[in-house]
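A quick write-up on the structure given underneath.
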Amino acid sequence: MSDTEWVDWLTVSVNPIGYVEEKWWHAKGCGKWFTVNRHTVTHNVVKADEKSI
């Protein structure tokens with residue numbers, strides 16, 4: 001792997017348009033982790049399932 005490919009792998013993230021599944025941490029509240037599906041343009045959350053990690 002070249003230096004350029006390595007830097008790209010470390011620093012370039014995929015940022016699709018549409019809904020993505022994300023892990024969120026309620027750090028200043030109950031401290032639980034949960035999963036949400038969030039639209040990357042509108043930030044609309046369509047589903048939030050509480051899950052323990």
Side-chain angles (χ1 to χ4, degrees):
M1 179 178 287
S2 71
D3 289 344
T4 302
E5 291 171 325
W6 178 243
V7 170
D8 284 348
W9 186 84
L10 288 173
T11 61
V12 177
S13 61
V14 177
N15 191 14
I17 293 175
Y19 286 97
V20 294
E21 185 175 278
E22 299 176 331
K23 305 281 187 217
W24 287 6
W25 178 36
H26 194 214
K28 296 193 181 225
C30 64
K32 289 187 179 182
W33 283 90
F34 56 97
T35 303
V36 299
N37 289 321
R38 181 185 62 86
H39 195 282
T40 57
V41 175
T42 64
H43 301 292
N44 183 40
V45 175
V46 295
K47 178 176 125 182
D49 293 328
E50 185 177 317
K51 295 183 180 190
S52 291
I53 294 179

Would you check, one step at a time, whether the test side-chain contact (heavy atoms from CB on, under 4.5 Å) holds for Val36 with Phe34? CA-CA 7 Å; Val36 299; Phe34 56 97; 3.5 Å; yes
Rounded distance (nearest 0.5 Å) linking atom OH of Tyr19 with atom OG1 of Thr40: 9.5 Å
Roughly how far, to the nearest 0.5 Å, is the CG atom of Asp8 from the CE atom of Met1? 9.5 Å
Partners passing side chain to side chain donor-acceptor pair (under 3.5 Å) against Trp24 (at least two apart in sequence or in another chain): Glu22
Going by the rule side chain to side chain donor-acceptor pair (under 3.5 Å), which residues pair with Asp3 if we only count those two or more places apart in sequence or in a different chain? none
Going from OG1 on Thr11 to CH2 on Trp6, what distance comes out if it is rounded to the nearest 0.5 angstrom? 10.5 Å
Taking all non-hydrogen atoms of both residues into account, name the closest pair between Lys23 and Thr35 and its distance. NZ-OG1, 3.1 Å
Across all chains, not counting sequence neighbours, the side chain to side chain contact (heavy atoms under 4.5 Å, CB included) partners of Val41 are Ile17, His39
